[in-house]
> 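The structure that follows is given in the form of structure tokens.
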Amino acid sequence: MLGERDAVVAQVEPYAVHGSPYVRVALAFPDHTFMQAQLGTESVPEALVVGEPVVVRFAMNVVVGIERRSGRP
């Protein structure tokens, strides 16, 4: 099952595991729910900031990617 939802970035925390870069992102959805995702940096836009609106991509209800909304750099 694939899907996507709009969200706003609530927190961004970069970290590394054995030298590989990852990002922990907290997301706030319009229905007032929150979710946290841990993704490789290739799945998250560069310079993602708190308060930024994004599109969250899901596969089997697991976050697999985050993108800026169209029209944003």
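The residues of the chain are indexed from 1 along the displayed sequence.
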> Can you tell me how far the CG atom of Leu27 sits from the CD1 atom of Ile66, to the nearest 0.5 Å?
4.5 Å

> Specify the closest pair of heavy atoms between Ser43 and Leu39, including all atoms of both residues, with the distance to one decimal.
CB-CB, 4.1 Å

> Treating Arg5 as the side-chain partner and Pro30 as the backbone partner, does any N or O pair qualify as donor plus acceptor under 3.5 Å?
no

> What's the shortest heavy-atom distance between Val9 and Val49, and which atoms?
CB-O, 3.5 Å

> Can you see which heavy atom on Leu2 is nearest to which on Ala59, and at what distance?
CD2-CB, 3.7 Å

> Apply side chain to side chain contact (heavy atoms under 4.5 Å, CB included) to the pair Leu48 and Val23, showing each step before the final yes or no.
CA-CA 10 Å; Leu48 194 63; Val23 179; 5.7 Å; no

> With heavy-atom distances below 4.5 Å as the criterion, would you say the side chains of Met35 and Val63 are in contact?
yes

> Ring-plane angle category for Phe58 and Phe29, please: parallel below 30°, perpendicular beyond 60°, tilted otherwise.
tilted

> Considering all heavy atoms of both residues, which atom of Gln36 and which atom of Arg24 are nearest to each other, and what is their separation?
NE2-CD, 3.1 Å

> Measure across Arg68 and Pro45 and return the closest heavy-atom pair with its distance rounded to 0.1 Å.
NH1-CB, 3.1 Å

> Are side-chain heavy atoms of Arg69 and Asp6 found at a separation under 4.5 Å?
yes

> What heavy-atom pair brings Phe34 and Ala28 nearest, and what distance separates the two atoms?
CE2-CB, 3.4 Å

